[in-house]
Enquirer: 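Sending over a structure as structure tokens; questions will come in a sec.
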There are 2 protein chains.
Amino acid sequence: MSEKVKLSDQQYQIVETLCHLQGGSARDVLNNLPDQSLAYTTVATILTRLEKKGVLSSETVGRERVYTPEISVSEIKRSMVGGLISTLFKGDSKALLAHLVREGDVDPNELEDLRQLLDKKEEQE
Amino acid sequence: MSEKVKLSDQQYQIVETLCHLQGGSARDVLNNLPDQSLAYTTVATILTRLEKKGVLSSETVGRERVYTPEISVSEIKRSMVGGLISTLFKGDSKALLAHLVREGDVDPNELEDLRQLLDKKEEQE
DNA sequence: CTTTCTCCACTACAGGTGTAGTAGAATATC
DNA sequence: GATATTCTACTACACCTGTAGTGGAGAAAG
């Protein structure tokens, strides 16, 4: 299951790519990666390790090993954001909110806009 | 200077403690750490490594090595939150906001409260 | 002064990560 | 069928991190 997923940047990039592709081979991932400078074997290694971690599963199809994400991008994000909140803000997610606004990353006025946006979105669903 | 500071949980815990103490020895940090189960030498090792990284500086005072943070807790938080935003949300901090609300970590109604709170805080300053 | 305590520097070691090469098997191409 | 391509598995290696032991120097205690 989900639990605490903690991925490095590189690993996240690869899982995300795989999720967008909805599964695929190392070659597929490599071809769709934002950073094209990696060696094929590097991607393959990372995929293997991610599988060992339980984030992916794989299946041999013909000559290819096809990986399937066992977790959604949302879950990963939730888990990683959650980890940061627990480390930096003692588990208080509002403190992160406050931090974002205080640090000027987000304009306070945007909060209201955002709220309305989300309210609308909720209605639609 | 600041730049990209990336600390592990453990490292963050130690820097944060040191910041609260406004500097101190390994022993001081150990005594004030939430997690008391670490060995003295473990804390000392981490402090040494953090100094090598430039996050701390140190000075020998008598028999003790006294460490001083070279960066504030706020800066570390900003840097680490920023890193996560860039990894997970392509640098869009509002996307993180939206994520927090969508994932139910924060009630949409709280956004307004928060906004008002922050507006007040701004007035006070 | 001798014994004990405490601190620091150095060393150690396992596990994770980034990165990639090599070997061998399977496939595609000529 | 021989050759080139391509894929996986295995191996490698350096660096980071968590964790801590050891040895020696200095300070405190008796």
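By convention in this document, chain letters (A, B, ...) are assigned in the order of the sequence lines, proteins followed by strands, and residues within each chain are numbered from 1.
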Enquirer: Nearest whole angstrom, please: distance from the P of D:dC7 to the CD of A:E64.
Expert: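 From A:E64 CD to D:dC7 P: 6 Å.
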Enquirer: Nearest nucleotide by nearest heavy atom, which residue falls closer to the 5' end of DNA chain C, A:L7 or A:R63?
Expert: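 Result of the comparison: A:L7.
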Enquirer: Would you say the base of D:dA9 and the side-chain of A:T48 have a donor-acceptor pair closer than 3.5 Å?
Expert: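 Side chain to base: no pair present.
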Enquirer: Can you check whether A:K53 has a side-chain N or O nearer than 4.0 Å to OP1 or OP2 of C:dT17?
Expert: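 For A:K53, the contact criterion (side-chain N or O under 4.0 Å from OP1 or OP2 of C:dT17) is met.
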Enquirer: Reading DNA chain C from 5' onward, which residue's closest nucleotide shows up sooner: A:Q11 or B:V66?
Expert: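 So the residue in question is B:V66.
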Enquirer: Look at B:Q10 and D:dT17 and indicate whether a side-chain polar atom (N or O) is within less than 4.0 Å of OP1 or OP2.
Expert: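 So the side chain of B:Q10 is outside the cut-off, no N or O lying under 4.0 Å from OP1 or OP2 of D:dT17.
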Enquirer: Rounded to whole Å, how long is the line connecting atom CG of A:L50 with atom C1' of C:dT17?
Expert: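 Interatomic distance, CG of A:L50 to C1' of C:dT17: 11 Å.
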Enquirer: Is there a side-chain contact between A:I85 and B:L100, using heavy atoms and a 4.5 Å cut-off?
Expert: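 Yes, side chains in contact.
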Enquirer: Without hydrogens or angle criteria, can the side chains of A:T17 and A:N32 be said to hold a donor-acceptor pair below 3.5 Å?
Expert: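 A:N32 and A:T17 do not have a side-chain donor-acceptor pair below 3.5 Å.
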Enquirer: It should be established whether A:T45 places a side-chain nitrogen or oxygen under 4.0 Å from OP1 or OP2 of nucleotide C:dG18.
Expert: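 Checking A:T45 against C:dG18: no side-chain N or O falls below 4.0 Å of OP1 or OP2.
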Enquirer: Drop me the distance from B:I71's CD1 to B:L7's CG, to the nearest 0.5 angstrom.
Expert: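 Between atom CD1 of B:I71 and atom CG of B:L7 there are 7.5 Å.
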Enquirer: With a 4.0 Å limit, can you tell me whether A:R65 has a side-chain N or O closer than that to the phosphate oxygens OP1/OP2 of D:dA9?
Expert: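 For D:dA9, OP1/OP2 do have a side-chain N/O of A:R65 under 4.0 Å.
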